[in-house]
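In what follows, every chain begins at residue 1, and chains take the letters A, B, ... in the order their sequences are listed.
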Amino acid sequence: MPELPEVETFAANLRSGVGDQPSICGHTITAGEVLWPRTLALPEITEFERRLPGQAIVDIRRRGKYLVLQLSQDYLLIHLRMSGDLLLKQDESEPDLHTRLVISFEDGLRLAFNDPRKFGRVWLVSDPETVLAKLGPEPLDEEFTPQMLYGMLHRHRRQLKPLLLDQSFIAGLGNIYTDEALHMACLHPLVNSNDIAHGQTERLWVSIRRVLQEAIQVNGASIDWVYRGGGYQNNFRVYDRAGEPCLVCGTAVERIVVGQRGTHFCPNCQPAPD
DNA sequence: ACGAGCGCCTGTCGGC
DNA sequence: TGCCGACAGGCGCTCG
């Protein structure tokens, strides 16, 4: 579920607080508890539980789909993958069935990492680049320009959809926002990256950024039971709309499988490559 | 350098 | 009602 806009929302809420939920910045960790061992990617559980206590949360950022918690000494990185969720608890409630890892703070506050499918991962590292180095550029950064995207696209010969999903190409796009951006840019998901002209690159660049910025404005997209509080599902142009009319031209939205991922597009607005 | 296929996991939904 | 397969926001691995 969580792609760039949803992770950005988690980061903002933990950094600044939301509603009656306080910021966790400045709070000191008293314990880290791992309930599902595979959730912890690095380091070993014993070292994790030894190194965490005493460290304060200094800052919270996002890089791609990773949450980056800067601590006094180390960095705590969290990737929610398909079904991860973060809950800040102020009471003494028991961890629920899907709680995989819990961080406790000095004032009784606890941060619970819930993850039904157990795909999510947590790292405690001294240098975040050991985990993040492989990521491509941030699509919303100023340094990410249409000229840069053109060069990137032409350095590969790959289908657009799997290429945009590749986190070492661009960081943060997932299945929803890739389909949405391709539709907005009028580009078929199977078009070859090498065949994208300058004008099409400009459209794709604008579309990626617009889709992400508009989703961040409404706290991301809520689908099924996994992520709540977002509003972008009301703006879906093609994602999860197979058989329904394209909002631009009325043609039925199609669903195909590309790289083992469900892929939604308008066959009229996004003409197939030769 | 690609794409395809699979593994990791649990929950939900539609069809029969 | 119950069972069974398809499918789900991600990503790392192997194999041609």
Whole-Å distance between [N] [atom2] and [X] [atom1]?
X	N	atom1	atom2	result
A:D85	B:dG11	CG	C1'	15 Å
A:D195	B:dC2	CG	P	13 Å
A:R261	C:dC7	CZ	P	13 Å
A:D166	B:dC2	CG	C1'	11 Å
A:L173	C:dG10	CG	P	10 Å
A:L135	C:dG10	CG	P	14 Å
A:D240	C:dA8	CG	C1'	10 Å
A:L4	C:dG10	CG	P	12 Å

_Contact check, side chains of A:L204 and A:I196, non-hydrogen atoms, under 4.5 Å_ =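 Heavy-atom side-chain distance check fails, nothing below 4.5 Å.
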Just to confirm, is there a sub-4.0 Å distance from OP1 or OP2 of [N] to any side-chain nitrogen or oxygen of [X]?
X	N	answer
A:K134	C:dC11	no
A:H98	B:dC9	no
A:K118	B:dT10	yes
A:R117	C:dG10	no
A:H156	B:dA1	no
A:R158	B:dG3	yes

> Does the A:Q73 side chain pair with the main chain of A:S126, one donor and one acceptor, at a distance under 3.5 Å?
Replying inline: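 Flag not set: sc A:Q73 to bb A:S126 has no pair under 3.5 Å.
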Contact class for [X] vs. all strands (heavy atom < 4.0 Å): base, sugar-phosphate, or nothing?
X	answer
A:D115	nothing
A:R38	sugar-phosphate
A:Q260	base

Expressed as a whole number of Å, how far does the P atom of C:dC4 sit from that of B:dC9?
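Approximately 23 Å lies between the P atom of C:dC4 and that of B:dC9.
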Taking the side chain of A:R255 as its heavy atoms from C-beta onward, which of C:dG10, B:dC2, C:dC7 lies nearest to it?
->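 The closest nucleotide is C:dC7.
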| message | Can you tell me the base-pairing partner of B:dA4? Count Watson-Crick or G-U wobble geometry only, both distances below 3.5 Å, and say none if there is no partner. | response |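 Matched B:dA4 with C:dT14 under the 3.5 Å cut-off.
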How about A:Y232 and A:Y177: are their ring centroids closer than 6.0 Å?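 Judged by ring-centre distance (under 6.0 Å), A:Y232 and A:Y177 do meet the cut-off.
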- With ring centroids as reference points, do A:H156 and A:F169 lie under 6.0 angstrom apart?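 Ring-ring flag for A:H156/A:F169: true, centres closer than 6.0 Å.
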| query | With the 4.5 Å side-chain cut-off for hydrophobic clustering, are A:L69 and A:L135 part of the same group? | reply |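 No, no single cluster joins them.
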inquiry  = Taking A:D166 first and then A:R158, would you say they form a salt bridge - that is, a charged N and a carboxylate O separated by under 4.0 Å?
reply    =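 Here A:D166 pairs with A:R158 in a salt bridge, since their nearest N and O are under 4.0 Å apart.
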Practice prompt. Compare the ring of A:F119 with the six-membered ring in the base of B:dC9 and state whether they stack (centres under 5.5 Å, planes under 30°).
Written response: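 So A:F119 does not count as stacking on the base.
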